[in-house]
There are 2 protein chains.
Amino acid sequence: MPTKITDLKQDFTGGLSQISRFWGFPKGMGAIFAVLYLSPSPLSLDEIVEQTGLTKGAISTEVRTLARMGLVHRSSKLGDRKDYYEAETDFYTSIRSILKERQNSEFDRAVRSVAETLEKIESGSVSGDEAEIQFIHQRVQALQDFFNAIDSLAKAVIKLERLGIGNVKNILSILK
Amino acid sequence: MPTKITDLKQDFTGGLSQISRFWGFPKGMGAIFAVLYLSPSPLSLDEIVEQTGLTKGAISTEVRTLARMGLVHRSSKLGDRKDYYEAETDFYTSIRSILKERQNSEFDRAVRSVAETLEKIESGSVSGDEAEIQFIHQRVQALQDFFNAIDSLAKAVIKLERLGIGNVKNILSILK
DNA sequence: TACTACGTTTAGTAATTACTAAACATTCTA
DNA sequence: TAGAATGTTTAGTAATTACTAAACGTAGTA
């Protein structure tokens, strides 16, 4: 039986909603992105309301975080005071801005707190059993090294974006 | 003023809890891992209870998902019917098993649903405006390509683990 | 067999998060 | 200036998730 195009869109939207949730974002966010991504032209807030069934309020805030992550762009038409939104279609561009965004996040604050733990130990200002301190020192150091490696990898991905999509394969072959 | 070793541990545990939450896991999971990671010897369930303040029930379930992700290992001592848990200290090993684990996850189910959308379009079984179908086809295809690229990257990281930590830097320089 | 020492499951609660509805603010138009 | 058309904020609700407390299952020990 033939699938109606509206059903197809709905399936797709459902899929992106799940993916969104998987990464810890609201499912509404995935739905909003999906609707924009499948639209050939930018959509106004009210059109998004119509197509997602969410309220203006929710969309207003979620579209803002999408914009902050570089996954959608806000624009406006001359002589029209509505805002229009469209999906970023170059995902590498998005990844880059997501990774940059991450710099200022809770995540990095936490990572930095590990670094501080390390500094405290190394400054010799920790009192307690010496062997235990040494043990902890070594473990925390290893974790710190790992974070640094991840950070380097993130930077590698950022560079990757400049080179285009096919080059992931190159990394693979370089590593084999 | 000198920092007591117990305070240091607590700070560290707090940091990992936040990181855990950031990635969408319960903060308790981060705490459990932290406690195990800073312990020179495997801990029993009750010892984890003691050090985290969580209940046996919570730890029982969370330690299981940690084990599934390869972040902790369960072991037992002869003539002792307690289970003991210790942290995996090679993070590359963990990453590898997390990425493998992901294969069976909700995430991949959702990704597969995108692939199915694509198949429906390509089989010509979608009815509706032809230009719109073409447009959607092209967009969904692009997303699919992106997912494939991510998948390749994941595989690259899996290989990386074999090569040791310093090699992330190599990728970076290869790409520059 | 009964008792003890554990780990697991379950049913309920607390905390968090996503979302709605409606008030509000702002800017354009008449 | 009043009114209309928008986007934003806010206060409350619904849904989800993390966690607790306690019942349960199981296996070892007396």
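Convention: sequence-line order gives letters A, B, ...; per-chain numbering from 1.
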Without decimals, in angstroms, what is the distance between [X] [atom1] and [N] [atom2]?
X	N	atom1	atom2	value
A/Ile48	C/dT20	CD1	P	14 Å
A/Asp80	C/dT29	CG	C1'	14 Å
A/Arg81	D/dT8	CZ	P	13 Å
A/Asp83	C/dA25	CG	P	19 Å
A/Tyr84	D/dT6	OH	P	8 Å
B/Lys77	C/dC6	NZ	P	12 Å
B/Glu47	C/dC6	CD	P	11 Å
B/Leu45	D/dT26	CG	C1'	15 Å

With heavy-atom distances below 4.5 Å as the criterion, would you say the side chains of [X] and [Y] are in contact?
X	Y	value
B/Leu118	B/Gln141	yes
B/Asp108	B/Arg112	yes
A/Leu45	A/Lys82	no

(message) I'd like to know whether the aromatic ring centres of A/Phe91 and B/Phe147 sit less than 6.0 Å apart in this structure.
(response) no
(message) Can you tell me which nucleotide in D/dT8, D/dT6, C/dG7 comes closest to the side chain of A/Ser60?
(response) D/dT8
(message) So if I take every side-chain heavy atom of A/Arg74 and compare against C/dT9, C/dG7, D/dT8, which nucleotide ends up nearest?
(response) D/dT8
(message) Apply side-chain contact (heavy atoms from CB on, under 4.5 Å) to residues A/Glu88 and A/His73 and explain how you reach the verdict.
(response) CA-CA 7 Å; A/Glu88 169 64 57; A/His73 303 289; 2.6 Å; yes
(request) Specify the residue among A/Arg64 and A/Lys82 whose closest nucleotide of DNA chain D lies further upstream toward the 5′ end. (result) A/Lys82
(message) So does B/Leu36 get a backbone contact from the side chain of B/Ser39, meaning a donor-acceptor N/O pair under 3.5 Å?
(response) no
(message) Could you check whether any side-chain N or O of B/Thr117 sits under 3.5 Å from a backbone N or O of B/Ser113, counting only pairs where one atom can act as donor and the other as acceptor?
(response) yes
(request) Report yes or no: is the cationic atom of A/Arg74 (NZ for Lys, CZ for Arg) closer than 6.0 Å to the six-membered ring centre of A/Tyr85, at no more than 45° off its axis? (result) no
Under 3.5 Å, which protein N or O atoms sit close to an N or O of nucleotides 11-14 of chain C? Give each pair with its distance.
none

When you compare the protein's N or O atoms with those of nucleotides 16-19 of chain C, which come within less than 3.5 Å of each other, and at what distance?
| residue | atom | partner | partner atom | Å |
| --- | --- | --- | --- | --- |
| C/dT17 | OP1 | B/Arg21 | NH2 | 3.2 |
| C/dC19 | OP1 | A/Gly28 | N | 3.4 |
| C/dC19 | OP2 | A/Glu62 | OE2 | 2.8 |

(message) Checking A/Glu130 against A/Gln134: is there a side-chain donor and acceptor pair closer than 3.5 Å?
(response) yes
